[in-house]
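Notes follow once the structure below has been shown.
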Amino acid sequence: MPRRPTRHRRLLRPRPLTFSSFSRSAAQVASSYLAKCRMQDSKLHRESPLNSADNRILRDTLGKRSEPSESSDEEEFDGNVQADFAFFDPKSNDFHGVKTMLQAYLDNKQWDLNGFVDLILGQTTVGTVVKIEGDEDEGVFSIVTALNLGRYKDHKCIMEIKEFLLKACQEKDVVDDLRLILGEQAQNVGLLVSQRVVNLPPQLLPPLYDALFDEVSWATEDEPTEELRKSFCFKFYIIFSKIYKHKNADQKMKLSNDSDEAIIYTKPEDEIFHRLSQWSFSFPLHTQQPTHELRNYRFMGLVMAVEAEKISTFRQELKSLINES
């Protein structure tokens with residue numbers, strides 16, 4: 001299904017998006033590990049570029065180091081380069097870039113990541129990859145999609161994700177709901193996958209999520225078979241993300257520093273999802289050692305179940321959050 005053409009041009013300066021000076025500092029430190037995992041060179045063969053009706057382009061400022069231009073010794077560089085970020089349908093050439101994004105998706109578990117990436121790239125009507133327009137390497141800067149847990153239930157990677165989440169859940173008041181949503185109700189559940197490089201400007205988030213949820217809506221009408229159309233009629237989304245949780249967050253105690261947040265969200269939209277979720281649980285992760293700045297925090301996985309009817313509220317609140325930042 002072709003994308004509906006929309007073109008925006010904005011000049012942005014990415015920065016950590018959190019809700020206090022402490023969180024901004026901590027989020028920057030917290031991001032360093034993810035940056036090492038995701039910002040790797042991913043040399044991909046270039047296919048014919050999509051035309052302007054097939055993608056959405058947003059001009060942006062990507063902060064990074066660069067050498068001065070050889071054309072002028074007098075020219076000064078301010079530490080930023082302009083880049084046109086474009087939204088594309090997933091394709092096979094994105095395999096290595098998407099795999100790099102998802103390398104630590106299930107913490108340090110050995111699992112069928114290749115199969116998971118294949119599922120994501122094979123679902124071209126719902127899902128978006130973000131790249132820099134005209135980049136010969138076609139490096140992937142973000143992947144967002146939603147996979148029906150019932151439709152793909154027999155795939156090894158989906159079975160392993162379910163097993164991982166059930167093993168991780170130690171909260172008795174949630175585990176039955178989790179089993180239900182991963183089992184009997186799986187046909188109505190979308191696994192929302194959203195990964196990106198650390199310095200992707202937050203101003204891209206509203207159009208990125210709009211693209212996802214618009215495509216889900218279009219797929220319920222435009223897919224070629226009734227079975228496929230029904231597979232996108234989600235009643236719930238399940239979201240697995242990462243947070244930094246204060247060691248005293250679960251106790252009714254005054255935190256050691258008034259500026260300390262109970263939870264630092266590695267992605268700003270997760271706070272909205274968390275607030276709107278019907279239920280959630282967190283559990284310890286092993287892929288990152290605490291830094292000195294985060295010595296009072298634990299790196300945790302966060303699983304959230306969000307009703308599909310709450311998505312319109314999420315989209316509105318996300319726009320407000322980004323506009324106010």
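Atoms considered below: every heavy atom in the structure, side chains included; atoms not considered: hydrogens, waters and symmetry mates. Predicted model, so just to flag it, every value in this text is computed and none were measured.
Met159 and Tyr152 fall into different hydrophobic clusters, where Ile, Leu, Val, Met, Phe, Trp and Tyr are joined by side-chain heavy atoms under 4.5 Å apart, directly or via other members. Tracing side-chain contacts under 4.5 Å through hydrophobic residues (I, L, V, M, F, W, Y), one reaches Phe281 starting from Met300; they form part of the same cluster. Clustering ILVMFWY residues whenever any of their side-chain heavy atoms sit less than 4.5 angstrom apart, transitively, puts Phe164 in a cluster other than the one holding Leu180. No continuous path of ILVMFWY side-chain contacts below 4.5 Å connects Val175 to Phe240, so the two sit in separate hydrophobic clusters. Cluster annotation: Leu321 and Phe273 are assigned to the same hydrophobic cluster (Ile/Leu/Val/Met/Phe/Trp/Tyr, side-chain heavy-atom contacts under 4.5 Å, transitive).
Phe234 and Phe213 have their aromatic ring centers separated by at least 6.0 angstrom. A ring-centre distance under 6.0 Å is not found for Phe232 and Trp218.
Using a distance-only test at 3.5 Å, with no hydrogens or angles considered, a donor-acceptor pair links the side chain of Arg295 to the main chain of His292. For the pair Thr225 (side chain) and Leu228 (backbone), a donor-acceptor distance under 3.5 Å is present. Using modelled atom types, one side-chain atom of Gln123 and one backbone atom of Ala146 make a donor-acceptor pair closer than 3.5 Å. Using modelled atom types, no side-chain atom of Tyr297 and backbone atom of Ile264 make a donor-acceptor pair closer than 3.5 Å. In this structure, Gln170 contributes its side chain and Lys167 its backbone to a donor-acceptor pair below 3.5 Å. Put simply, the side chain of Glu160 gets close to the backbone of Asp112: a donor and an acceptor are under 3.5 Å apart. A donor-acceptor pair is defined here as one N or O able to donate and one able to accept, closer than 3.5 Å; such a pair exists between the side chain of Asn148 and the backbone of Ser231. The backbone N or O of Ser194 sits less than 3.5 Å from a side-chain atom of Lys267, completing a donor-acceptor pair.
Note that the CZ atom of Phe116 and the CD1 atom of Ile158 stand 5.5 Å from one another [nearest 0.5 Å]. To the nearest 0.5 Å, the span separating CD1 on Ile272 from OG on Ser320 amounts to 8.0 Å. The CD1 atom of Ile181 lies 6.0 Å from the CD atom of Gln185; values are rounded to the nearest 0.5 Å. Rounding to the nearest 0.5 Å gives a distance of 10.0 Å between CZ of Arg298 and NE2 of His246. Atom CG of residue Asn248 and atom CG of residue Asn296 lie 7.5 Å apart, to the nearest 0.5 angstrom. Note that the NZ atom of Lys245 and the CG atom of Leu294 stand 15.5 Å from one another [nearest 0.5 Å].
The side-chain contact (heavy atoms from CB on, under 4.5 Å) with Glu215 is formed by just one residue from the set Thr124, Thr145, Val126; it is Val126. The one candidate from Ile311, Thr128, Leu192 that meets the side-chain contact (heavy atoms from CB on, under 4.5 Å) condition with Leu212 is Leu192.
Cation-pi check for Lys235 over Tyr237 is not met; the charged atom does not lie both under 6.0 angstrom from the ring centroid and within 45 degrees of its normal. For the pair Lys131 and Phe88, the distance from NZ or CZ to the six-membered ring centre is under 6.0 Å and the angle to the ring normal is within 45 degrees.
The minimum heavy-atom distance linking Glu309 with Ser312 is given by the pair O-OG, 3.9 Å. Of all heavy-atom pairs between Glu133 and Ala86, the closest is OE1-CB, 3.5 Å. Here the closest non-hydrogen pair linking Leu208 and Val130 is CD1-CG2, 3.7 Å. Here the closest non-hydrogen pair linking Ser280 and Val174 is O-CG2, 3.8 Å. Counting all heavy atoms, side chain and backbone alike, Met304 lies closest to Ser241 at CE-CB, 4.5 Å. For the residue pair Gly127 and Pro90, the shortest heavy atom distance occurs at O-CD, 3.3 Å.
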Next item on the list: Start with the C-alpha distance between Ile238 and Leu182, add both sets of side-chain angles, then the distance that settles side-chain contact (heavy atoms from CB on, under 4.5 Å), and finish with yes or no.
Entry: CA-CA 9 Å; Ile238 191 163; Leu182 297 180; 4.1 Å; yes
Note to self: For Asp94 and Lys91: C-alpha separation, side-chain torsions, deciding distance, then whether salt bridge (Lys or Arg N to Asp or Glu O under 4.0 Å) applies.
What the structure shows: CA-CA 6 Å; Asp94 299 323; Lys91 60 181 181 179; 5.5 Å; no
Next item on the list: In sequence, state the C-alpha distance, the side-chain angles, and the governing distance for Glu269 and Arg196, and then conclude on salt bridge (Lys or Arg N to Asp or Glu O under 4.0 Å).
Entry: CA-CA 13 Å; Glu269 67 270 27; Arg196 58 182 180 267; 2.8 Å; yes
Next item on the list: Begin with the C-alpha distance, continue with both residues' side-chain angles, and end with the deciding distance and a verdict on side-chain contact (heavy atoms from CB on, under 4.5 Å) for Val193 and Val144.
Entry: CA-CA 6 Å; Val193 181; Val144 176; over 6 Å; no
Check: Under the side-chain contact (heavy atoms from CB on, under 4.5 Å) criterion, do Leu204 and Phe141 qualify, and how do the steps go?
Finding: CA-CA 11 Å; Leu204 297 184; Phe141 286 76; over 6 Å; no
Checklist line | Derivation and outcome, side-chain contact (heavy atoms from CB on, under 4.5 Å), residues Phe236 and Gln278 | finding: CA-CA 9 Å; Phe236 280 92; Gln278 187 176 85; 3.6 Å; yes
Next item on the list: Applying ring pair (Phe, Tyr, Trp, His ring centres under 6.0 Å), run through Tyr265 and Tyr244 and close with a yes or a no.
Entry: CA-CA 7 Å; Tyr265 296 90; Tyr244 288 84; over 10 Å; no
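Under the 4.5 Å side-chain criterion, counting only non-hydrogen atoms from C-beta, Leu147 is in contact with Ile120. Put simply, the side chain of Cys157 reaches to within 4.5 Å of the side chain of Trp111, judged on heavy atoms. A heavy-atom distance below 4.5 Å is found between the side chains of Val117 and Leu102. A heavy-atom distance below 4.5 Å is not found between the side chains of Thr266 and Ile243. Between Leu302 and Lys242, the closest side-chain pair of non-hydrogen atoms is not below 4.5 Å. In this structure, the side chains of Val197 and Ser142 stay at 4.5 Å or more apart for every pair of heavy atoms. Within the 4.5 Å cutoff, the side chain of Ile132 has no heavy atoms near those of the Asp84 side chain.
A salt bridge links Lys319 to Asp210: one of the charged nitrogens lies within less than 4.0 Å of a carboxylate oxygen. With salt bridges taken as basic N to acidic carboxylate O contacts below 4.0 Å, none links Glu226 and Arg229. Salt-bridge annotation for Glu227 and Arg151: absent, with no side-chain N of the basic residue lying under 4.0 Å from a carboxylate O of the acidic one.
Side-chain polar atoms of Gln195 and Tyr105 form no donor-acceptor pair below 3.5 angstrom.
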